[in-house]
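This report concerns only the one structure given below.
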Amino acid sequence: MLKDKTIVLGVTGGIAVYKAADIVSRLKKLNANVEVIMTEGATEFVSPLTFQTLSNNVVHRKMFNEITSYDVEHISLAQKAALILIAPATANTIGKIASGIADNLLTTVVMASTSKVVFAPAMNTKMYQNPIVQANMEKLKKLGYEFIKPAKGLLACGDYGEGKMAEPVDIVEYVISSFIDKDLKGKKIVVTAGPTIEPLDPVRYMTNHSSGKMGYCIAKEAADRGAEVVLISGPTYLEPPKGVKHVRVNTTEDMFEEVGKYFDTCDVLVKSAAPADYRPETVSNTKIKKNKDTDELNIKYVKNPDIAAHYGKMKNNQIMVGFAAETENLLQYASKKLKEKNFDFIVANDVSKEGAGFNVDTNIVTIIDNKGETTNYPIMDKAQVARIILDKVKYLLEDKG
Ligand code: PMT
């Protein structure tokens, strides 16, 4: 994912230095070339050997050493950097850069570079909240420098509060998303995901196997590409992607209502959820007891609203993407749903196939559009399927002008 990209990682002196080792390891797994610059303070916490071993590169430390062992590769760090990440970033380094001070290798490289610079601050809460530090960060933000907000938590100094460096996984996600083209910026995309649940009584409900993975991947991809995303999701165990508005629902009727709140103003509606088509006609207020006299339990079900069909009738300029989960006659049934629900295109998945459909990380899809074009795709990660869907959405949006 980060192949051929050089990430210059500036490591400054704070206890969170140990977490920077994890950042290097994650970036390397994504095939980035990682050049680590450590300040003197950072080397007090973790040995440069750790970073050298993880990055497979010599760790850069002293400005004047760099010059004596003159090597174009080394002194051109500023030019080589596709992105400079400073993690952890201390108040001291933030302050120096904000004041134009370049008195060590890291601050000099930042000063000499035109690449994006991202800070992941880590410090004691009182330091973080200090008006001088806040003013320095504001000044840098206005100049285009970016910050990954620290979390609240128990800090190494024993205080509880803001100042804990963001987790390496989130920092690396931020780096990845920095390289993604924001080609959906300005677009509002509503994604439905997951199952719905229909209660029978206070302890039982009916549902299906949808994990939400497909829909959450679409929401994440759309947000990474700059769209404003509303994710309307039935119950799942998934963490909503960063930067999306997450609306949690239970029943199909709830989902129907929530979609209605956002439909008029959205550009795109992606219906990847698996809403229950039926619900029990009555919901008992008390637990349904076992009946000794019969082996049967008869429950009458009534139809739920068909969300896609309803909003498909109301659509004016919106692009609507549907899904079809089938176990037989995939193309025939999917084409029927495409027309009946007025989708622009439908993503058909045969959920009986291994590696496709419910509760797996991959999917095998066929996309059918309303012009009759059908494209089959091999098995791929749901994240990749999401990319393909949103590429198609992007072309349709461009067509609409
Ligand atoms: O969540 P995962 O575990 O990752 O699994 C992904 C998935 C299998 C749920 C997903 O890929 C998928 O196929 N979603 C659609 C499931 C479904 O309900 O399919 P359907 O063929 O029954 O419905 C057709 C379309 O109408 C779908 O876009 C559905 O969201 C929509 N629908 C269905 C019923 C209903 N009452 N209202 C609707 O809007």
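When a ligand or atom number is given, it counts from 1 through the structure's own listing order.
- Salt-bridge formation is not detected for the pair Glu258/Arg248: no Lys NZ or Arg NE/NH1/NH2 atom is positioned less than 4.0 Å from an Asp or Glu carboxylate oxygen.
- Proximity to Lys341 (heavy-atom distance under 4.0 Å) selects the following atoms of ligand 1: 24 (C), 25 (C), 26 (O), 31 (C), 32 (N), 33 (C).
- Between Lys382 and Asp361 there is no salt bridge, since no side-chain nitrogen of the basic residue lies less than 4.0 Å from a carboxylate oxygen of the acidic one.
- An N or O contact shorter than 3.5 Å is missing between Ala324 and ligand 1 by distance.
- Within the structure, the closest approach of Pro305 to ligand 1 falls below 4.0 Å when heavy atoms are considered.
- In this structure, Lys353 does not pair ionically with Glu326, as no charged nitrogen and carboxylate oxygen lie closer than 4.0 Å.
- If you check which protein heavy atom lies closest to atom 6 (C) of ligand 1, you get Met214 CB, 3.6 Å.
- Note that Lys271 lies outside the cation-pi zone of Phe343, set by a 6.0 Å cut-off to the ring centre and a 45° limit from the axis.
- For ligand 1, the atoms closer than 4.0 angstrom to any heavy atom of Lys213 are 1 (O), 2 (P), 4 (O).
- Residues Val230 and Val191 form no side-chain contact, since every pair of their non-hydrogen atoms from C-beta on lies 4.5 Å or further apart.
- Within 6.0 Å of the CG atom in Asn291, the count of heavy atoms belonging to other residues, nucleotides or ligands exceeds 12.
- For the pair Lys152 and Tyr160, the cation-pi test (distance below 6.0 Å, angle within 45°) is failed.
- Considering both main-chain and side-chain atoms, Asn359 comes within under 3.5 Å of ligand 1 through a nitrogen or oxygen pair.
- The option from Glu253, Met255, Lys271 that lies nearest to atom 28 (O) of ligand 1, judged by heavy atoms, is Lys271.
- The N/O atoms of Phe323, backbone and side chain alike, include one that comes under 3.5 Å of an N/O atom in ligand 1.
- Taking the centre and axis of the six-membered ring of Tyr262, the NZ or CZ atom of Lys188 falls outside the cone set by 45° and 6.0 Å.
- The shortest side-chain heavy-atom distance between Lys185 and Glu228 does not fall under the 4.5 Å cut-off.
- Across Ser272, Ala274, Ala308, heavy-atom proximity to atom 14 (N) of ligand 1 is greatest for Ser272.
- If you look at Ala193 next to ligand 1, there are no close heavy atoms at all, none under 4.0 Å.
- Considering Lys315, Lys339, Lys392 as possible partners of Asp344, the one that fulfils the salt bridge (charged side-chain N to carboxylate O under 4.0 Å, His left out) test is Lys315.
- Residue contacts with ligand 1, taken as heavy atom pairs separated by less than 4.0 Å, do not involve Pro195 at all.
- The shortest N/O to N/O separation between Gly322 and ligand 1 does not fall below 3.5 Å.
- Annotation: Lys382 places an N or O atom under 3.5 Å from an N or O atom of ligand 1; distance criterion only.
- Between Arg225 and Asp183 there is a salt bridge, since at least one side-chain N of the basic residue sits less than 4.0 Å from a carboxylate O of the acidic one.
- Of the options Val8, Ile86, Leu83, a side-chain contact (heavy atoms from CB on, under 4.5 Å) to Val117 is made by Ile86 and by none of the others.
- Of all protein heavy atoms, the one closest to atom 11 (O) of ligand 1 is Asn349 OD1, 2.6 Å.
- Each of Val259, Val249, Val247 was evaluated against Asp254; a single residue qualifies, Val249, per the side-chain contact (heavy atoms from CB on, under 4.5 Å) test.
- Nearest to atom 21 (O) of ligand 1 among the protein's heavy atoms is Lys337 NZ, 2.5 Å.
- In the vicinity of Gly212, heavy-atom distances shorter than 4.0 Å reach the ligand 1 atoms 1 (O), 2 (P), 3 (O).
- Scanning Gly215, Ser211, Ala325, Ala273 for the heavy atom closest to atom 2 (P) of ligand 1 points to Ser211.
- Interface of Asp277 with ligand 1, defined as ligand atoms under 4.0 Å from a residue heavy atom, comprises 34 (C), 35 (C), 36 (N).
- Not a single heavy atom of Asn304 sits under 4.0 Å from any atom of ligand 1.
- Residue Gly357 has at least one heavy-atom neighbour below 4.0 Å for each of these atoms of ligand 1: 5 (O), 6 (C), 8 (C).
- At a heavy-atom distance under 4.0 Å, atoms from both the backbone and the side chain of Ile307 approach ligand 1.
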